[in-house]
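Working notes, beginning with the structure itself.
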Amino acid sequence: MKILKDKVTKLSFVALLMAVTAAMVYTPTASAHGEKSQAAFMRMRTIHWFDLNWSKEVLAVNDTMTISGKFHVFAGWPETVDKPDISFLNIGIPGPVFIRAGSWIGGQLVPRSVSLELGETYEFKVLLKARRPGDWHVHTMMNVKGGGPIIGPGKWVTVTGSMSSFTNPITTLTGETIDLETYNLSNVYFWHAFWYALGLAWLAYWARKPMFIPRLIAVESGKADSLITPTDKKVALAFGVGAIAIVAMSMSTTNQRYPVTTPLQAGLLRGMKPIEMPATTIAVKVDDATYRVPGRAMQMTLTVTNNGDSAVRLGEFNTAGVRFLDSKVAEDTTGYPDDLLAEEGLTVSDNSPLAPGQTRTIQVTASDAAWEVYRLADLIYDPDSRFAGLLFFYDEAGNRQMVMVDSSLIPTFT
Amino acid sequence: MSASQSAVRSRAEAVKVSRTFDWMITFTLFFVILGGYHVHFMLTGGDWDFWTDWKDRRLWVTVLPIVGITFPAAVQSILWYRYRLPFGAILAVLGLLFGEWVNRYLNFWGWTYFPVNFVFPSNFMPGAIVLDVILMLSNSMVLTAVLGGLAYGLLFYPGNWPIIAPLHVPVEYNGMMMTLADLQGYHYVRTGTPEYIRMVEKGTLRTFGKDVAPVSAFFSGFVSIIIYFLWHFFGRWFGSTAFVKAA
């Protein structure tokens, strides 16, 4: 038995040492927050983020940066996800490594939830102030009530400096300027320590005397009443009355010190102003769409009609934040995240300018490792196996038109 | 030594063993209650206790005393009816607050860097003191439930007001008015806690103008009375001793 015990002890000690060593040698940082795990159809058929811009890639603590761009609320919103009637423009970061100094949709500040309309496109901007040093993946994000977080594209941003130098000065309506990072902290500690000490004092009062065994014996022998003395009652009365008096007095002094207070503010913001998008003069019909699993490529057969007055070419297909570009027509100049950008990922069977009034059927192939890396290929395992995305057509003058496409996607395995 | 012989040989030794036993039980009881109460409270009070921008004058005031009077009632019934020890509620609240502070400081601040002035726990101590005092002075479960339960609900808001009032000072921010607590919720990004799940200022209690907190506190006190009864009996059942009959 002793040998067995010794062995278990020895092995446990070795296991503990190995665990500690492993933890010291290999401590990777959590680098993402599940954006690839979200069902592909949700990322492809709900909120389409585009024209995104992260204003900085490196900044110091206390510096600010913005994420701006547009998002289109897909008209064919899936049935399995609640409509974005109550949504919140969030930011996908690992905790408050930045503070959200401001966020706007259509120019309106949105500290609260908003109501979005299907089929509309909105402009947004989020102002972030760096708080904690490190390399952070900063995502756009829309929380939808009943739908969950719908995460958009993310880009790595480096914050330098020290968190201890972070300040968050705010001027209240009563004219006082405070640092929200540390404001009220000593007051919180004081009152909690005070009440905790009072509780401990009560406990200590009873712990002075024998507690469990003798009292149990007394109670069971019918002498329970003898266990509470007149002094105990006086002390208890003092504690009870004292507690109530302290509550009353502290409330009164607090009201004198803070005569102006307001309730928490809440409520849905409606009437978000969408962008007035120019009327689309290009009609696109998806004849079929397939996803070739081995080739990591999606192929669409599109019938495109140009009803406008200038010739156009297809330059980009954007779905779930992944941008497939035809480099001969469009290129990225915004520093879009590499892993989400397929600069030559779009192949069009005939991408010569489509003249006004002309109709053409084209084969469009969007291929890139991003299909696998971002698990968009998993769409075929989703409950709503349809894809959707944005097509961007360009005319010779560089004007752009956005067309939404939506269709069933048929997988092919050979 | 046979089974019928005493394990101690003198009165002094018996007192020593008894005191050792007292400390062991108190220490163990503290952490057992801490664990149970903490889990229960996190699951039922949850976000209302986590964030300052959830600590409103309607639901926070209503919900927290109701879900918070549970363990104090149960622990009180065990300690009072079996040992005549009147510190059940205070012991439970000491355990809860200790656990909450460890959680807020190490998890919320230490791991995820939410400032402590945004995530401090609610204070239940005034209600717990009054609950223990009423039980001790009255020796009546009914009176403790009715008076103590009501007091537990009524004392909650004023007991916390000195701590949260500074955060209810208004601020104008980019053309909107909000409290500093609202601003904390907006500034310190919670990816998994969007604004719309914040249950504050909801309900139909609109006929009392701005004086909603006392009405909510009274309602909370009434429900706390019922919950006290219920959990008191849980405590009695949990603290009962059942002997197995010899075959």
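Any value given below was found using the heavy atoms of this structure, including those in side chains, with hydrogens, waters and symmetry copies removed. Chain identifiers are assigned alphabetically (A, B, ...) following the order of the sequence lines, protein sequences preceding nucleic acid strands; residue numbering begins at 1 within each chain.
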Show the numbers, then the answer: is there a side-chain contact (heavy atoms from CB on, under 4.5 Å) between B:Phe120 and A:Leu185?
CA-CA 9 Å; B:Phe120 57 85; A:Leu185 201 53; over 6 Å; no
Go through the steps to decide whether A:Met211 and B:Ile25 satisfy the test side-chain contact (heavy atoms from CB on, under 4.5 Å), and finish with yes or no.
CA-CA 10 Å; A:Met211 291 194 284; B:Ile25 288 290; over 6 Å; no
Apply side-chain contact (heavy atoms from CB on, under 4.5 Å) to the pair A:Tyr196 and B:Asn123, showing each step before the final yes or no.
CA-CA 9 Å; A:Tyr196 207 87; B:Asn123 172 27; over 6 Å; no
Quick one, A:Ile91 with B:Thr191, criterion side-chain contact (heavy atoms from CB on, under 4.5 Å). Give me CA distance, side-chain angles, the key distance, then yes/no.
CA-CA 7 Å; A:Ile91 202 80; B:Thr191 308; 6.0 Å; no
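For B:Leu137, the part sitting under 4.5 Å from any heavy atom of chain A is the side chain, from C-beta outward, and nothing else. Only the side chain of B:Trp80 comes within contact range of chain A, judged by heavy atoms closer than 4.5 Å. For B:Val130, the part lying under 4.5 angstrom from a heavy atom of chain A is the side chain only. Proximity to chain B is limited to the side chain of A:Met141, based on heavy atoms less than 4.5 angstrom apart. Using a 4.5 Å cut-off between heavy atoms, B:Phe98 contacts chain A through both its backbone and its side chain. Of the two parts of B:Trp23, only the side chain, counted from C-beta on, holds a non-hydrogen atom closer than 4.5 Å to a non-hydrogen atom of chain A. When heavy atoms are compared at a cutoff of 4.5 Å, B:Leu94 approaches chain A by way of both its backbone and its side chain. Heavy-atom distances place both the backbone and the side chain of B:Tyr173 under 4.5 Å from chain A. B:Ile163 touches chain A through backbone and side chain together, each having a heavy atom under 4.5 Å away.
Interatomic distance, CG of B:Asn117 versus OH of A:Tyr183, reported as 9.5 Å (0.5 Å rounding). Atom CG in A:Leu203 sits 8.5 Å away from atom CZ in B:Phe30 (nearest 0.5 Å). Atom CG of A:Leu264 and atom CG of B:Leu59 lie 11.0 Å apart (nearest 0.5 Å). Atom-to-atom distance recorded for B:Tyr186:OH and A:Arg112:CZ is 11.5 Å, nearest 0.5 angstrom. Note that CG of B:Leu183 is 8.0 Å distant from CD1 of A:Ile178, once rounded to the nearest 0.5 Å. Here the CG-OG1 distance, from A:Asn184 to B:Thr52, works out to 9.0 Å after rounding to the nearest 0.5 Å.
The aromatic rings of A:His192 and B:Trp101 lie perpendicular to each other, with more than 60° between the two planes, well past the 30° mark.
Residue-environment remark: NZ (A:Lys233) stays at or below the threshold of 12 foreign heavy atoms within 6.0 Å. Atom CE of B:Met24 has 12 or fewer neighbouring heavy atoms from other residues, nucleotides or ligands inside a 6.0 Å radius. Applying the 6.0 Å contact sphere to OH of B:Tyr105 captures no more than 12 heavy atoms from other residues, nucleotides or ligands. Counting heavy atoms of neighbouring residues, nucleotides and ligands inside a 6.0 Å radius, atom CZ of A:Arg208 exceeds 12 of them.
Nearest heavy atom pair, residue B:Thr179 against residue A:Gln265, reads N-CG, 4.3 Å. Closest approach of B:Arg190 to A:Asn90, counting heavy atoms only: O-ND2, 3.3 Å. In this structure, B:Tyr188 and A:Ile99 approach most closely via the heavy-atom pair CE2-CG2, 3.7 Å. When all heavy atoms of A:Trp202 and B:Met136 are compared, the closest pair comes out as CH2-SD, 4.0 Å. Contact record, B:Pro115 with A:Glu181: CB-O, 3.8 Å, taken as the closest heavy-atom pair. A:Leu227 and B:Tyr83 make their closest contact through CD1-O, 4.0 Å (heavy atoms, listed as atom of the first residue, atom of the second, distance).
In terms of modelled atom types and a separation under 3.5 Å, the side chain of B:Tyr196 and the main chain of A:Val144 share a donor-acceptor contact. Using modelled atom types, no side-chain atom of B:Thr112 and backbone atom of A:Gly95 make a donor-acceptor pair closer than 3.5 Å. A donor-acceptor pair under 3.5 Å links the side-chain atoms of A:Arg215 to the main chain of B:Arg84, judged by distance alone.
Ranked by heavy-atom pairs under 4.5 Å with chain A, the first of B:Asp182, B:Val133, B:Ile90 is B:Asp182. Ranked by non-hydrogen atom pairs under 4.5 Å with chain A, the options B:Ala213, B:Ala14, B:Gly185, B:Pro121 are led by B:Pro121. Listed options A:Leu200, A:Asn168, A:Leu198 were ranked by heavy-atom pairs under 4.5 angstrom with chain B; first place goes to A:Asn168. Of the listed residues B:Tyr113, B:Phe87, B:Trp161, the one with more heavy-atom pairs under 4.5 angstrom with chain A than any other is B:Tyr113. Interface check for chain B: of the options A:Thr174, A:Ile170, A:Thr261, A:Asp225, the most heavy-atom pairs under 4.5 Å are formed by A:Thr261. By number of non-hydrogen pairs under 4.5 angstrom with chain A, the leading residue of B:Arg19, B:Met176, B:Gln184, B:Met178 is B:Arg19. For the set A:Met163, A:Glu220, A:Lys129, the count of heavy-atom pairs under 4.5 angstrom toward chain B peaks at A:Met163. In terms of heavy-atom pairs under 4.5 Å with chain B, the best-connected choice from A:Ser250, A:Pro263, A:Ala266, A:Gly240 is A:Pro263. Among the candidates A:Val235, A:Leu128, A:Asn187, A:Val241, the residue making the largest number of heavy-atom pairs closer than 4.5 Å to chain B is A:Asn187. For the set B:Val15, B:Asp132, B:Ile134, B:Asn139, the entry with the most heavy-atom pairs within less than 4.5 Å of chain A is B:Asp132. Among the candidates A:Phe190, A:Tyr189, A:Tyr205, A:Trp104, the residue making the largest number of heavy-atom pairs closer than 4.5 Å to chain B is A:Tyr189. The most heavy-atom pairs under 4.5 Å with chain A, out of B:Phe118, B:Tyr157, B:Phe114, come from B:Phe114.
When only modelled atom types and interatomic distance are considered, B:Asn160 and A:Trp191 share no side-chain donor-acceptor pair under 3.5 Å.
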